[in-house]
Amino acid sequence: MPVAQLEGRRIHVSGTVQGVGFRPWVYRVAQQAGVTGRVRNDSSGVTIDAFGDETSLTHFLDALHWPPPAARIVRFDFTDIALEPADEFEIVDSQSDVDRRVSIPPDLATCDDCLSEIFDRANRRYRYAFTNCTNCGPRFTIATDIPYDRRATTMARFEMCPACRREYTDVSDRRFHTQPNACPACGPQLGLRAPDGARLHADDVIAVAARAIGDGLIVAVKGIGGFHLVCDATSEDAVRLLRERKRRDEKPFAVMVRAVHDAAALGFVGPDECRLLTSPERPIVLVRRRPGGRIAEEVAPRNQMIGLFLPYSPLHHLLLAEARRPLVMTSGNVSDEPIACDNADALRRLASIADLFVVHDRDIHMTCDDSVATMIAGSPTVLRRGRGYVPRPVPVSRGFSRPVLACGAQLKNTFCIGFDSSAWLGPHIGDLDNLPTFDHYTRSIELLERFLGVHPQVVAHDLHPDYLSTAYARRRTGAQTVAVQHHHAHVVSAMAEHGIDGPAIGIAYDGTGYGTDGTMWGGEVLVATAASFERAATFRTLPLAGGDRAIREPWRLALALVMDAFGGEIPLDLQPAFSAAPIADLVGVKALLTRAAWLPRARGVGRYFDAFGALFLGRTNASYEGQVALEWNQAADPRVTRVYRYDVAAGDQCCEIDLRPTVRDAATDRRRGEPVAAIAAAFHNTIAAATAEVVRAAVARFGALPVVASGGCFQNARLAESIQAALAPEHPVLFPREVPPGDGGIALGQAIVADVLARR
Ligand code: ZN
Ligand code: ZN
Ligand code: FE
């Protein structure tokens, strides 16, 4: 019988393959296939050296395509290597600093195996709220230092019992090298507190908490990345009470449901939404609300969408099973402050909101808010990047020539650290308009720098001089600071995610961003590279009467829109739209607008949404930024294909989209008694048509470049899809996916632009 020829293969696997049980799994697969060699982590993934005959190698390589659930393989690279006399297959520890600094994975939702254990009476982890394994559990939020092992996590003070230790050291066990491994005998424990901090005795903490929720109370629950405020999502009274105490007007609350079929009872959940809901990242998924779903109206007033998510920790699973109803689960904070993460802090800050506290003694070291995702133009899109995604790096094809910190924007801030060929976006921080949030911001930057072991030599910030992130950048010492224009950053961010080096045509539509000409930009079509941009098109400006007040009181924008379109007049039939505005303000604003020359001016597409929404929906005030724009978006009837007139004024360099004819057409429609849904739809179609026209003009001038779109307006699926349709099929539009389209995504673009500019 002929002896099979032995061969050697090196396989490099890139993607999320560290801290997710990948190496022990490779080990087991190698054992089964009868392959010898080794597996080790490296700076961009895992390298496997495999030796065996052709049949066993083929088996081995095939099996590698079915990795553990939390792993995410981006690419395999194969090379032939010389045969080595290896007797067995081994897991090699990582050695170099480069390998170790990228080894902290994101937090992972509870896996099915752990889930069945906590509901199995015979299992030693029955109802144990801190059950986890190599495929699931907290990671980033419990890490205190690098390299990632138990000593450098908040689990360090829990000594593993013999049974847990056995699992931890047995390579064939699901808990082999699971750093947060624990059980009821040796691990963290739940506790119950009154708002005054008093310890309350309970044999079953979860049962008591579930009963309190059922009685209409508000319970603060310590989770993975911070505290949640929890109440019965089916009770109008409970949700209203939470709104009052949290001082939150109408911003929608996220709702946690037990399983996908419960989500489908409340919203329209297709296969894509289902995949997002059940992904190991477990984001809050925005879906269209199902009429008649059993949920309090107060959860998302005047909103056709609802944010749903599934339990992602054993504690959530146990609580949902006990409560037997959908639960509002919102960040544990007062209005816009950062989410509370340690017990004492939560008791101090949330005492006036929660009636009861579920706490535990596993500390959260890195605060991480829930992520938000939705389907836009047929693909999953991350709108808020936090728990589950952070700190997974975004690959950047052009690479960074030195470590860069990008400080992000003012609102929905996220920062970014770039080095080598990756960009690490920090967790969603929020609006940098109060001191606690700013402290949270600086602390998060310091922590991520330490985890990554980098000292940024270049610090990027927005052009806006008054952003707190700009002030922070200027205060940093020992680094070169580079200012980056807001929309340039939006566009480069989208380009980077799609591996486009430039030039590209970038559609950047948002509410506000500091322009280079003293106006507030936000309706920009740029032709951009990482180093520079040219403005191909923009929108005609709207005067902002009252500055920022115009954003909270969009009737001011509506008035500006009408007076601009009708030569300073307000047609009689449009006057009722302003009847709810305070009469003194109305007179004052009208006077301001007649002498509008010195008012600040905005070009943001978001502001046009606000203005049209206020005018045709009769909404005077917004309780949060972008609320009226969102309602205007949701008002649109998808069946209407009509387009209003608009003008494009040619400029020397940059043309200007003029929506005054659109306003007049819409007003005529209204006079004729057309439904608001048709007017809103025609408005969307008009923006799409005008955008397509100026993009085509840019193609004629600059050549057939790739087209990307970014900015807060592209959280609006309808706008994204209409623009995509208007440019199809010649010019496919690429949207951000992993990185938020809104200001939470600009730090990536800032980092890339700053790196290129600093090289010069
Ligand atoms: Zn597990
Ligand atoms: Zn144990
Ligand atoms: Fe923006």
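When a ligand or atom number is given, it counts from 1 through the structure's own listing order.
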Nearby protein N/O/S atoms (those under 2.8 Å) for the Fe ion (ligand 3), with water ignored: His486 NE2, His490 NE2, Asp510 OD2, Asp743 OD1
Non-hydrogen side-chain atoms of Asp113 and Cys133 separated by less than 4.5 Å: no
At the Zn ion (ligand 1): angle between Cys111 atom SG and Cys114 atom SG, to 10 degrees: 110°
Straight-line distance of Asn132 CG to Arg125 CZ, nearest 0.5 Å: 7.5 Å
Residue pair Arg392 / Glu738, side-chain heavy-atom distance below 4.5 Å: yes
Side-chain heavy atoms of His428 within contact of Leu383, under 4.5 Å: no
Phe415 and Leu405, any side-chain heavy atoms less than 4.5 Å apart: yes
CA sep, side-chain torsions, deciding dist, call: Tyr509, Phe539, ring pair (Phe, Tyr, Trp, His ring centres under 6.0 Å): CA-CA 10 Å; Tyr509 288 176; Phe539 277 69; 5.6 Å; yes
Geometry at the Zn ion (ligand 2) - Cys183 SG versus Cys161 SG angle, rounded to 10 degrees: 100°
Cys136 SG and Cys133 SG subtending at the Zn ion (ligand 1) (10° steps): 120°
Ring-ring centroid check His684 Phe609, cutoff 6.0 Å: yes
